[in-house]
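Order of the sequence lines fixes the chain letters, A, B, ..., with proteins taken first and strands second; residue numbering starts at 1 for each chain. Hydrogens, waters and symmetry mates play no part in the numbers below; they use all other heavy atoms, side chains included. In this text the structure is predicted, and so the values were computed from the model without any measurement.
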2 protein chains.
Amino acid sequence: MPREVRERQMLDAAVGAFARHGYQAASMDDIAEAAGVSKPLVYLYLKSKEELFTACVRREVGALIAAVREGTRERDIPADEQLWNGLRAFFAHTAARPDGVTVLYRARTQGEPFAREVAAMRVEVVSIVTLLLGQAAKDAGCDGELAEREVSGLAHALVGAAESLAEWSNARTDDAPSAKETAATLMNFCWAGLENLMKGHRWMPAPRVH
Amino acid sequence: MPREVRERQMLDAAVGAFARHGYQAASMDDIAEAAGVSKPLVYLYLKSKEELFTACVRREVGALIAAVREGTRERDIPADEQLWNGLRAFFAHTAARPDGVTVLYRARTQGEPFAREVAAMRVEVVSIVTLLLGQAAKDAGCDGELAEREVSGLAHALVGAAESLAEWSNARTDDAPSAKETAATLMNFCWAGLENLMKGHRWMPAPRVH
């Protein structure tokens with residue numbers, strides 16, 4: 001069997017084990033058994049538990065970024081549809097790879113050197129969303145300076161919301177919403193607000209006499 | 001000097017040191033010096049570096065929850081104003097205690113037993129927001145079953161967005177937005193969407209011919 005196939009099997013087994021048991025509790029014995037290989041072969045290919053976990057995290061980071069990039073490839077359509085495409089791609093990916101999402105969550109909360117891999121991924125996703133919102137703001141005629149700062153804040157808000165929703169949705173064991181439902185929840189949550197904002201209509205507290 | 005005053009000084013010094021240097025790199029020597037006490041006294045009061053960090057995390061968790069509860073105390077006002085009050089309270093708190101926010105962030109990414117303290121806090125904040133949105137949905141006449149599930153998703157989206165914005169805002173070294181600006185950004189981001197959703201108006205992708 002070619003090396004890359006063996007390695008993929010090991011990573012599949014490892015992602016499953018790390019997702020179920022966490023970094024500390026997952027055992028190299030179980031991972032080798034689930035991959036159908038000997039433990040020495042796992043060590044030969046992936047060196048150590050730390051390198052194996054890092055390889056899992058990098059693979060899942062790469063897969064998630066690729067899914068979001070693919071989902072937002074079409075740029076010649078209205079901004080809300082671009083966002084809708086991106087959100088559907090994101091939630092379809094996180095629903096299809098729940099163990100991968102759990103591994104990313106575990107890596108983020110596991111301390112260094114793992115947390116920084118997830119932090120770097122987050123920076124990349126935020127930059128995709130920032131570009132998208134920035135283009136939408138420009139199309140809507142928002143002016144430079146202010147828009148740029150606010151767009152950056154909005155992109156962080158959106159990514160934080162999506163992350164939190166993906167974890168929530170994957171944690172539901174019964175009656176979990178579909179990826180499309182979750183994407184629609186977030187779109188409903190934010191689009192009307194974003195659209196108004198692009199047009200310069202802001203939310204204001206009602207004047208009240210206390 | 002009474003014990004609680006001494007302890008507060010130690011925790012203040014420790015929160016500063018853990019925020020600046022991280023859990024691993026912060027030294028008990030520096031913390032004792034910054035608190036103006038001897039290192040044996042720090043160990044006498046707080047036992048170990050792990051217990052000292054846990055005490056810092058618990059204090060900052062308690063302070064943040066108290067700020068949000070206080071901000072959302074007034075329940076006899078429109079839902080958007082309740083949310084606005086809660087967001088302002090949250091961002092005012094995170095802006096006033098940047099080191100506390102950093103300690104919570106570090107705890108979340110530091111592995112167990114610290115990450116679970118922050119996870120528990122998050123559950124509590126989500127439940128405050130869920131109650132608030134649930135009340136708003138009920139007032140707007142949304143029907144039970146569907147609303148309950150979606151409200152839970154929306155609460156997670158909102159908390160994730162707020163968390164992400166607080167980190168973004170605190171990471172800006174120059175020209176950082178005020179707490180009120182950040183709260184307004186998030187309110188603008190979501191309120192129009194939420195309001196439409198409560199009224200049963202949903203975002204829909206425009207029908208297109210490909």
**Q** Under 4.0 Å between a side-chain nitrogen and a carboxylate oxygen: does that hold for A/Arg108 and A/Glu167?
**A** yes
**Q** Taking every heavy-atom pair that is under 4.5 Å apart, which of B/Val118, B/Val159, B/Leu165 has the most such pairs with chain A?
**A** B/Leu165
**Q** Using non-hydrogen atoms only, which part of A/Gln110 is less than 4.5 Å away from chain B: side chain, backbone, both, or neither?
**A**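 It is the backbone, since no side chain atom gets that close.
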**Q** Please work out which of the three classes, parallel, tilted or perpendicular, describes the rings of B/Phe114 and B/Phe53, given edges at 30° and 60°.
**A** perpendicular
**Q** My understanding is that only one of A/Val61, A/Thr130, A/Leu64 makes a side-chain contact (heavy atoms from CB on, under 4.5 Å) with A/Val125; could you say which?
**A**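 Among the candidates, only A/Leu64 passes.
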**Q** Select one option (side chain, backbone, both, neither) describing which atoms of A/Arg106 are under 4.5 Å from chain B's heavy atoms.
**A**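 Interface part for A/Arg106: neither.
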**Q** Is the shortest heavy-atom distance from the side chain of B/Tyr43 to the side chain of B/Glu51 under 4.5 Å?
**A** no
